[in-house]
There are 2 protein chains.
Amino acid sequence: MDRRQEILLAAEKSFSLFGYKATTMDQVAKIANVGKGTIYTFFSNKEELFQAIVRQMVEEMRRVSEESTIAGASFEVNAHARLMQLLKFRETHQLYVKLIEEEKELRTPMVSEVLASIEEEIIEFVRQKIERGISKGELKPCNSELVAYLLFKSYLALVVDWSKTHDRQLSEEEIAQLLSDTIFSSLLV
Amino acid sequence: MDRRQEILLAAEKSFSLFGYKATTMDQVAKIANVGKGTIYTFFSNKEELFQAIVRQMVEEMRRVSEESTIAGASFEVNAHARLMQLLKFRETHQLYVKLIEEEKELRTPMVSEVLASIEEEIIEFVRQKIERGISKGELKPCNSELVAYLLFKSYLALVVDWSKTHDRQLSEEEIAQLLSDTIFSSLLV
DNA sequence: TCATTGACCGTAAAACGTTTATGGTCACTA
DNA sequence: TAGTGACCATAAACGTTTTACGGTCAATGA
């Protein structure tokens, strides 16, 4: 068995179960069946190990998001599908859920940092899709950075924030309809 | 001098300067030049006193927002002016700034509650403006609750959140342009 | 008579000293 | 020489004491 891989598996399990702060290097070493020192031959500290795990997750998110793409469908349909998929991942994936909880409850700085960087990556991802839409002639030229930001924040607000102040959750149809009428319609050529 | 008024002035000063948690009833009594017991003849507890002060502030916000309205201007121009005014107030008014800081640093539950209710009021205010725009035939019929929510959250994201992850702040023109192209354009008849 | 007061009360939070746990190292080992 | 776990310094958790606070109410005096 690959020691590095064992460590990554153990770390993923522990971070997912206990979060960043409550995960100890002794814990990870025990789960991975290695001495604590061994971890430090692969990762220079806890922070780096954590970031390696998060990078894995971000890759998985990217994969899942791309998989939800429907070949031949419009920009709007695919952007909607991908963003909803990402937000579903956010509320479903054990590690992501745990990190959001930790950010809210403990305010662990490392966790805040990592969550912010994930958001940035998603927005950059959306931006690239918009640029692609423009260069394919499907979308009007626009400030893709701003539009990507607005689009992502809108989804976040409607999917995540809305249910915090209203008891019912918005249905996917309502969200799709609202954004189709407003932001999306203005992007199309 | 009106004792009730003295107390309100003292409370406003103290809450603005120190926030909710760090304001003590002894403090307020001293500033107001009244015995502590006197406060309790007008307000049944600290929470009620605080809410009275916040209600004052919300009224001031409403006034300031209405004042920024340009008679005869379009829905878009006025909605933009009012929302920018409200967000400026949010970042300028001593008490509001202090409460946002306290919510972030201390997470005082009462403060979170009050800030949430202010947001709700603003959104309801926007909703009414939208409904009015519809009944005047200036706007297409739409789900005003959802649109108001989206609009407010968009402004919040562009004005407040953007500068947290990007070093430069968005100019008012950029914001006006972006939202004019996207959300506003879709609302007009 | 009754509005006003501040000493007083119970409680919750701050302060503090002590103990425990944790990230990281490195001499030792197999 | 890759791998280990006892070890170290430090920081976080814990338990206890002290302080501070919101709220009350008997006393006061206008």
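Throughout, a chain's letter reflects where its sequence line sits, starting with A, and its residues are numbered from 1. What you see is a predicted model, and the numbers here were worked out from it, not measured in a lab.
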**Q** Check the distance between C:dG23's C1' and A:F50's CZ and give it to me in whole angstrom.
**A**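 Spelled out: CZ on A:F50 to C1' on C:dG23 is 16 Å.
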
**Q** Using a cut-off of 4.0 Å on non-hydrogen atoms, how would the nucleic acid contact of B:T23 be classed: base, sugar-phosphate, or nothing?
**A**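 The answer is sugar-phosphate, as B:T23 gets under 4.0 Å only of primed atoms, P, OP1 or OP2.
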
**Q** Closest to the B:K46 side chain: D:dA13, C:dG24, D:dG23?
**A**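 The answer is D:dG23.
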
**Q** C:dG23 base to A:K36 side chain: any donor-acceptor pair below 3.5 Å?
**A**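 A donor-acceptor contact between them is present.
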
**Q** Tell me the closest heavy-atom pair linking A:A29 and A:I39, and the distance in Å.
**A**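 It is N-CD1, 3.8 Å.
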
**Q** Taking atom types as modelled, is there a side-chain donor on A:Q128 or A:E124 under 3.5 Å from an acceptor on the other?
**A**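 Their side chains do contain a donor-acceptor pair, which is all the 3.5 Å distance test asks for.
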
**Q** Distance check needed: C:dA3 C1' versus B:E6 CD, whole Å only.
**A**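 After rounding, the gap between these two atoms is 16 Å.
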
**Q** A:I7 CD1 to D:dG3 C1': how many Å, rounded?
**A**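 It is 10 Å, rounded to the nearest whole Å.
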
**Q** Please name the residue in the list A:T24, A:L49, A:V28 that meets the side-chain contact (heavy atoms from CB on, under 4.5 Å) test with A:S14.
**A**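 Result: among A:T24, A:L49, A:V28, A:V28 is the only option passing the side-chain contact (heavy atoms from CB on, under 4.5 Å) with A:S14.
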
**Q** So, OP1 or OP2 of D:dT4: does either fall under 4.0 Å of a side-chain N or O from A:T38?
**A**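 Yes.
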
**Q** Using whole Å, report how far OH of B:Y20 lies from P of D:dC21.
**A**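 So the OH-P distance, B:Y20 to D:dC21, works out to 14 Å.
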
**Q** Round to a whole Å and report the spacing from CD1 of A:I39 to P of C:dT25.
**A**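 In whole Å, C:dT25 P lies 13 Å from A:I39 CD1.
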
**Q** Expressed as a whole number of angstroms, how long is the span from B:F43:CZ to D:dG23:P?
**A**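 These atoms are roughly 13 Å apart.
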
**Q** Could you check A:F42 against B:N45 and say which one's nearest nucleotide on DNA chain D is further toward the 5' end?
**A**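 Closest to the 5' end, via its nearest nucleotide, is A:F42.
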
**Q** Could you check A:S44 against B:V34 and say which one's nearest nucleotide on DNA chain C is further toward the 5' end?
**A**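 In this pair, the answer is B:V34.
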
**Q** Rounded to whole angstroms, how far apart are CG on B:D26 and P on C:dA7?
**A**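 For the pair B:D26 CG and C:dA7 P, the rounded distance is 10 Å.
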
**Q** B:V54 vs B:Y20, test: side chain to side chain contact (heavy atoms under 4.5 Å, CB included). Steps then yes/no.
**A** CA-CA 11 Å; B:V54 170; B:Y20 178 74; over 6 Å; no

**Q** Whole Å only: how far is the CD atom of B:E47 from the C1' atom of D:dC21?
**A**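 Atom CD in B:E47 sits about 16 Å away from atom C1' in D:dC21.
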
**Q** Counting only side-chain N and O atoms of A:R3, is one of them less than 4.0 Å from OP1 or OP2 of D:dA2?
**A**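 It does not, given that no N or O in the side chain of A:R3 lies less than 4.0 Å from OP1 or OP2 of D:dA2.
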
**Q** With the side chain of A:Y40 defined as its heavy atoms from C-beta on, choose the nearest nucleotide among D:dC21, C:dT22, C:dT25.
**A**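 Per side-chain heavy atoms of A:Y40, the pick is C:dT25.
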
**Q** For C:dA14, take OP1 and OP2 only and decide whether either is under 4.0 Å from a side-chain N or O of B:K21.
**A**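 Checking B:K21 against C:dA14: at least one side-chain N or O falls below 4.0 Å of OP1 or OP2.
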
**Q** Does atom NZ of B:K88 have more than 12 heavy-atom neighbours from other groups under 6.0 Å away?
**A**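 12 or below, so no.
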
